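Report on one structure; see the data block that follows.
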Amino acid sequence: DGSEYELDLARTQQDLGTLYLTTRQYGAAETAYREALVIFQTLAGASPLEPKYLAHTAQTHNSLGALFRIVAQHDKAESAYREALAIQKVLAERYPNNPAYQHQLARIYINVGELCNAIGRPQEAETTLQKAMSVFDQTAPGDPSCESDLAKCHRNLGDLFRDTGRPALTEAAIQKA
């Protein structure tokens, strides 16, 4: 089936993007991610009821966001993260009983929150990290697969509270991490 071949091709490009990102070949990573994105978007457009294509599209936008954050292209990072967030929200709403979609939504909120904090928007960072916490609380209370990301969210909030002069909240967040 042609769509399976296209999906494999896009996944390969996504994997190459990740390899290039980890080996600091940022231009090659962007190219690979963008090639994957075109294929995933085409597949999603042709089969709008197939959630895996949307999930891969969101993940690729998220990966582009991470790449752009690393190379300090913050506007591009935010745009890519916002695209990922918009798609992932749709998946989480359509499939509320799929923990993977909920968990990925929380992860993207964490990425947006980290970026907002890094670029000097602490109030937005706090709101966004609180949204991540809310997703975890609603969909995965006590889920061991979420523990690492939940701890990361608490640490990020602790850092944010420290940086904004709120020591009591800092201590509470870090203790929860």
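Keep in mind that the numbers below use all heavy atoms, side chains included, and drop hydrogens, waters and symmetry copies. Predicted, not measured: the structure shown is a model, and the values here were computed from it.
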Give the intermediate values and the outcome of side chain to side chain contact (heavy atoms under 4.5 Å, CB included) for residues Gln13 and Arg34.
CA-CA 9 Å; Gln13 288 300 324; Arg34 290 202 183 279; over 6 Å; no

Which atoms form the tightest heavy-atom contact between [X] and [Y], and what is the distance?
X: Ala10; Y: Ala36; result: O-CB, 3.4 Å
X: Gly45; Y: Pro48; result: O-CD, 3.7 Å
X: Gly65; Y: Ala80; result: N-CB, 3.5 Å
X: Gly158; Y: Thr170; result: O-CG2, 3.4 Å
X: Leu115; Y: His74; result: CD1-CD2, 3.6 Å

Measuring from [X]:[atom1] to [Y]:[atom2], what's the distance to the nearest 0.5 Å?
X: Leu160; Y: Cys116; atom1: CG; atom2: SG; value: 10.5 Å
X: Gln88; Y: Tyr109; atom1: CD; atom2: OH; value: 10.5 Å
X: Arg155; Y: Leu150; atom1: CZ; atom2: CG; value: 10.0 Å
X: Arg107; Y: Ser148; atom1: CZ; atom2: OG; value: 8.0 Å
X: Thr127; Y: Arg121; atom1: OG1; atom2: CZ; value: 11.0 Å
X: Gln73; Y: Ser79; atom1: CD; atom2: OG; value: 11.5 Å

Just to verify, what does Phe68 make a ring pair (Phe, Tyr, Trp, His ring centres under 6.0 Å) with, not counting sequence neighbours?
none

Without hydrogens or angle criteria, can the side chains of [X] and [Y] be said to hold a donor-acceptor pair below 3.5 Å?
X: Ser134; Y: Gln138; result: yes
X: Asn156; Y: Asn117; result: no
X: Thr57; Y: Gln41; result: no

Gln25 and side chain to side chain contact (heavy atoms under 4.5 Å, CB included): which partner among Thr22, Leu21, Thr23?
Thr23

So, applying side chain to side chain contact (heavy atoms under 4.5 Å, CB included) with Asn62, which one of Ile108, Val112, Leu85, Ile87 is it?
Ile108

Tell me if the NZ atom of Lys52 is crowded by more than 12 foreign heavy atoms within 6.0 Å.
yes

For Glu171, I'd like to know if atom CD has over 12 heavy atoms of other residues, nucleotides or ligands within 6.0 Å.
no

Please step through side chain to side chain contact (heavy atoms under 4.5 Å, CB included) for the pair Leu157 and Met133, ending with a clear verdict.
CA-CA 10 Å; Leu157 279 168; Met133 298 288 289; 4.0 Å; yes

Would you indicate whether the side-chain heavy atoms of [Y] and [X] approach each other to under 4.5 Å?
X: Glu30; Y: Val71; result: no
X: Leu7; Y: Arg11; result: yes
X: Glu83; Y: Leu64; result: no
X: Glu126; Y: Pro122; result: no

Phe136 and His103 aromatic ring geometry - parallel, tilted or perpendicular at 30°/60° bounds:
perpendicular

Where the side chain of Ser47 meets the backbone of Ala44, is there a donor-acceptor pair that is under 3.5 Å apart?
no

Using atom types as modelled and distance alone, determine if a side-chain donor or acceptor of Thr128 lies under 3.5 Å from a backbone N or O of Gly113.
no

Mind running side chain to side chain donor-acceptor pair (under 3.5 Å) on Gln104 and Gln59 for me, showing each step along the way?
CA-CA 8 Å; Gln104 186 61 17; Gln59 180 56 46; 2.7 Å; yes

Hey, quick one: are [X] and [Y] part of the same hydrophobic cluster, counting side-chain heavy atoms closer than 4.5 Å, chains of contacts allowed?
X: Leu43; Y: Leu49; value: no
X: Tyr81; Y: Tyr26; value: no
X: Leu54; Y: Leu105; value: no
X: Leu67; Y: Phe40; value: no
X: Ile110; Y: Phe161; value: yes

What I want to find out is whether [X] reaches [Y] closely enough, with some N-O distance under 4.0 Å, to be called a salt bridge.
X: Asp149; Y: Lys152; value: no
X: Lys131; Y: Glu124; value: no
X: Arg69; Y: Glu78; value: no

With ring pair (Phe, Tyr, Trp, His ring centres under 6.0 Å) as the criterion, how do Tyr33 and His61 come out once you've worked through the C-alpha distance, each side chain's angles and the decisive distance to 0.1 Å?
CA-CA 8 Å; Tyr33 285 142; His61 279 296; over 10 Å; no

Taking the ring of Tyr101 and the ring of Tyr95, is the distance between their centroids below 6.0 Å?
yes

Salt bridge (charged side-chain N to carboxylate O under 4.0 Å, His left out) between Arg94 and Glu50: does it pass, once the steps are laid out?
CA-CA 11 Å; Arg94 282 188 194 163; Glu50 180 53 63; over 6 Å; no

